[in-house]
Amino acid sequence: MTMPARPDAPRLFDPASAASAETADEPEAAPPEAREAKPRGNGSPATASDSPRPSRPASSAGPEADSERDAGHYEADSIQTLEGLEAVRKRPGMYIGGTGSDGLMHLVWELIDNGVDEAAAGAARRIDVTFGGDGSVTVRDDGRGIPVGNPPGRDVSAVEVVFSELHAGGKFGGGTNGSAYGASGGLHGVGASVVNALSQRMRVEVGRDGHIWRLDFDQRRAGRRDGDGFTPTHDLQRLKLTRRTFTQVRFWPDWELFDEEASFDHAATCERVRLMCHLVPGLRVTVTDRRRGAGGEPFDFRSEKGLGGLVAELAGGGGAVTRIIDVSGGGRFEEKVPVDGRLTTVERECSVSAALQWVDGYSPNVTSFVNTIPTPAGGTHLAGFERALTRAVNDVLLDGSKKLARSGERAGREEVQEGLVAALQVVVPEPQFRGQTKQELGTPAVQSIVYDAVKSALTAWFTSEGPRSNVTALRAKISDAVEAKAASRQLQADRRKASSLGSAGLPDKLADCRVHGPDSELVIVEGESAAGPAKAGRNAHNVAILPLRGKLVNAAKASLRQVLENAEAQALFRSVGAGVGADFDSGAARYGRIVILCDADVDGSHIRCLLLTLIHAYMRPLLAEGRVYAAQPPLFTTRVGKETYRAFSDAERDAIGARLGKRRPDGASSIRWQRFKGLGEMNTDELAHCALDPATRTLRRITVADAAEARKLLEVLMGSDVAQRRDYIGRHSSLVDPATLDI
């Protein structure tokens, strides 16, 4: 039965012919041009335009005259007006940010955002995104469906207006004057029409008013497609009856407008819709990839936890310093907007939601949104958030820090956000974005509203609502970051001073060499007694000697500031001259290698472990590049005839003695071993022979793994975990009963 048409209803095709037409619930066969097209590098077919661009006819005066006219002609006929969607095709980057993969994905974002706006308005619960094997993309939401009637004063349907005219849609007015949305991501009324403008063809199907309606677009022309044929028309095609409401858009990009390497990114789509589900709790989104070689199950996601769930996901379950802090608030502001052609002051309402958590680590991860649109470039809302965060931390959290009070240091943006994971969302009618791609918010009044809401919530959490253990841990974390920054600043000042003073900026106790570079080495010796023979026995041309005086800091436990204040560590950093920690540049090191020369006893091993821990923590590239060595001085030495024998352990001494004893009639008992208690007992020739002369010494290259093991051993034997130290000594001591150890 044919239903009578309403006065504002669209003109319909014959229902009899529509009864056998393809519906929104059935898969559509690829169009002939898509099936026959050669695949592009991204797995999608490259389709050609039906009407190639015409070339400008040459002037009858010849090529030279045409060239002169192009260079100098500027008259009234030079002024062009781009009608309708041609402006988008002429300058696509202005609307989608570029013609690469990011611009191509922006078409998908526009359609997804329309569905998310329906969900945010409470009219949709599900969105389906499908990447077709024929190069198409389909986005479907179960919202109210685009109206199918004719807008006032128009003789075409609202569906055609939305997809074929710029600045047309239902999101103007911020929920007033007939607007269908209170606050949405679509603001300019160009998103859907831009997709059509940059597509070779498109199909729109709408569930509305008890029927499924369809409108095809071919080269931006509205009409009806039957098989391989296309008939231009403004009439909507009415298909079967349905009680459901939905909007489904399927488009095939015009590949001639995009870069050769541009492609749809399935992973980026999944990440984007995951964010959207957190912004609209209860929304379910499914992403299906049917392209050749894609494989895998459809991505299906739904979240009921809001921004808190997003922060928990971004934090990844790492070491938490605080629990998740929820922030909510809002305010009102006034702005002038055109109403009936005149600027009128209207009152706006802005709501603020945020979730924050500090975790172990250093890099911040702050994500911001306006309504349901991600704003990777930030804007006024993020500026207000960061300002409130810094002010609340300094005025409230760190107000009782005695250490910072003495130094007068305050936390800056970097220290406050060290290890911060946060999500911020503001909901505001008709926000002002900087550019069509909507990556940065420009509404000025939002900044102060966000500032007040965030500062008030954090102040309450720091003073009364937050667990004391969380607040204390956060205060310690940020205080350490402030101290580290101050120490780093002091070190930078020292480095600049050393650079300006030249060689005078080097440590006084360093006996430098004459030539620096890859073939030079810095020998670090233990103690003053060994420094004299080492300086006398070295090759001063390329060997520098740095003696250690006093205790070297344990970098496994000490803070950066404690390390930088340690005289021995500072002497090493200045001698190498390549910076510290993240600023360390191995290419700037003054020496090609570092040689650690310590006594062959337990104390020497301890000092060597401390040095390796320091290098591993603050000059690690030297280890990674194989430029750190440990000299192996002997523990015992003997001379038999003209030969000198050295042993590095008791077992090796006994083995050498037994071997030599077989050669002597009086046996091994006549061999006299000299035991070195330290490097200082060696004379110049002995020290040079066993540790300084490349032809006779023994060096062991230290790797990153070796240094890491040394650091781990220090943490066990000298750390604060007594139980761990007890277990280690018990496992490795064969002479002591673990039960008798008082440790």
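In this structure, the side chains of Q439 and P376 come closer than 4.5 Å at one or more pairs of heavy atoms. Within the 4.5 Å cutoff, the side chain of V116 has heavy atoms near those of the V280 side chain. The closest side-chain heavy-atom distance from S479 to L398 is below 4.5 Å. Counting heavy atoms from C-beta outward, T459 and S456 have side chains that stay 4.5 Å or more apart. Residues D395 and R410 are in side-chain contact: their nearest non-hydrogen atoms beyond the backbone lie under 4.5 Å apart. Proximity of W461 to P467: side-chain heavy atoms (C-beta onward) are separated by under 4.5 Å at one or more points. With a 4.5 Å cut-off on side-chain heavy atoms, V137 and F264 count as touching. A heavy-atom distance below 4.5 Å is not found between the side chains of N365 and V311.
Scanning all heavy atoms of the two residues, the minimum distance from C277 to V285 falls at SG-CG2, 3.6 Å. Taking all atoms of both residues into account, the shortest heavy-atom contact from A578 to A588 is CB-C, 4.0 Å. The two residues Q357 and A315 make their nearest non-hydrogen contact at OE1-CB, 3.7 Å. Of all the heavy atoms in L506 and R574, the pair that sits closest is CD2-O, 3.7 Å. When all heavy atoms of L382 and G378 are compared, the pair lying nearest together is CD2-CA, 3.8 Å. Of all heavy-atom pairs between I478 and A411, the closest is CG2-CB, 4.0 Å.
Taking CZ of R348 as the reference point, atom CD of E334 lies at 11.0 Å (rounded to 0.5 Å). How far CD of E386 is from CD of Q447: 10.0 Å, rounded to the nearest 0.5 Å. Remark: R387 CZ to F385 CZ distance equals 13.0 Å, nearest 0.5 Å. The structure places CG of L424 at 8.5 Å from CG of L356, a figure rounded to the nearest 0.5 Å. Atoms CD and CD, on Q432 and E440 in that order, are 12.5 Å from each other to the nearest 0.5 Å. To the nearest 0.5 Å, the span separating CD1 on I594 from CG on L572 amounts to 5.5 Å.
No donor-acceptor contact under 3.5 angstrom links the side chains of Q570 and E565, judged on distance only.
Although no hydrogens or angles enter the test, the distance criterion places a donor-acceptor pair under 3.5 Å between the side chain of T380 and the main chain of T443. For R284 (side chain) and S303 (main-chain N/O), no donor-acceptor pair under 3.5 Å exists by modelled atom type. Not one N or O on the side chain of R391 forms a donor-acceptor pair closer than 3.5 Å with the backbone of K455. Under the 3.5 Å distance criterion, the side-chain polar atoms of N470 are left unmatched by any main-chain donor or acceptor of G466. For S575 (side chain) and A571 (main-chain N/O), a donor-acceptor pair under 3.5 Å exists by modelled atom type. Between the side chain of E415 and the backbone N or O of G412 there is at least one donor-acceptor pair closer than 3.5 Å. Looking only at distances, no side-chain donor or acceptor of D259 sits under 3.5 Å from a matching main-chain atom of A262. Formation of a donor-acceptor pair under 3.5 Å by the T472 side chain with backbone atoms of S469 is not found in this model. Judged by distance alone, with hydrogens and angles left aside, the side-chain atoms of N371 form no donor-acceptor pair with the main-chain N or O of I373 at under 3.5 Å. Under the 3.5 Å distance criterion, the side-chain polar atoms of R627 are matched with a main-chain donor or acceptor of S586.
Look at D480 and R475 and you find no salt bridge, because none of the NZ, NE, NH1 or NH2 atoms lies under 4.0 Å from a carboxylate O. A salt bridge links E304 to R302: at least one charged side-chain nitrogen sits closer than 4.0 Å to a carboxylate oxygen.
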* Asked: Can you list the steps and then say if T99 with L104 is a side chain to side chain contact (heavy atoms under 4.5 Å, CB included)?
  -> CA-CA 7 Å; T99 55; L104 187 63; over 6 Å; no
* **side chain to side chain contact (heavy atoms under 4.5 Å, CB included) between L279 and L307, worked out** => CA-CA 6 Å; L279 294 178; L307 295 181; 3.7 Å; yes
* Applying salt bridge (Lys or Arg N to Asp or Glu O under 4.0 Å), run through E625 and R620 and close with a yes or a no. => CA-CA 9 Å; E625 296 170 10; R620 191 176 304 181; over 6 Å; no
* To do: Apply the test side chain to side chain donor-acceptor pair (under 3.5 Å) to residues T375 and S368: give CA-CA distance (whole Å), side-chain angles for both, the deciding distance (0.1 Å), then the verdict.
  => CA-CA 6 Å; T375 49; S368 63; 2.6 Å; yes
* Should F299 and T288 be marked as a side chain to side chain contact (heavy atoms under 4.5 Å, CB included) after you check the CA-CA gap, both sets of side-chain angles, and the distance that decides it? -> CA-CA 6 Å; F299 174 82; T288 305; over 6 Å; no
* Asked: When you look at R272 and D113, which way does the salt bridge (Lys or Arg N to Asp or Glu O under 4.0 Å) test go after all the steps?
  -> CA-CA 10 Å; R272 174 89 171 205; D113 290 345; 3.3 Å; yes
* Check against side chain to side chain contact (heavy atoms under 4.5 Å, CB included), L420 and V359 -> CA-CA 6 Å; L420 173 67; V359 299; over 6 Å; no
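Screening L111, I96, N114 for a side chain to side chain contact (heavy atoms under 4.5 Å, CB included) involving V195 leaves a single residue, L111.
Judged by the 6.0 Å and 45° rule, R274 forms a cation-pi pair with F301.
Ring orientation note: the planes of W358 and F462 are tilted relative to one another, at an angle of 30° to 60°.
Taking the six-membered ring for Trp and the full ring otherwise, the centers of Y451 and H381 sit at least 6.0 Å from each other.
Within a 6.0 Å radius of CG in D102, other residues, nucleotides and ligands contribute 12 heavy atoms or fewer. Applying the 6.0 Å contact sphere to NZ of K477 captures more than 12 heavy atoms from other residues, nucleotides or ligands.
E297 is linked by a salt bridge (Lys or Arg N to Asp or Glu O under 4.0 Å) to nothing, counting only residues two or more places apart in sequence or in another chain.
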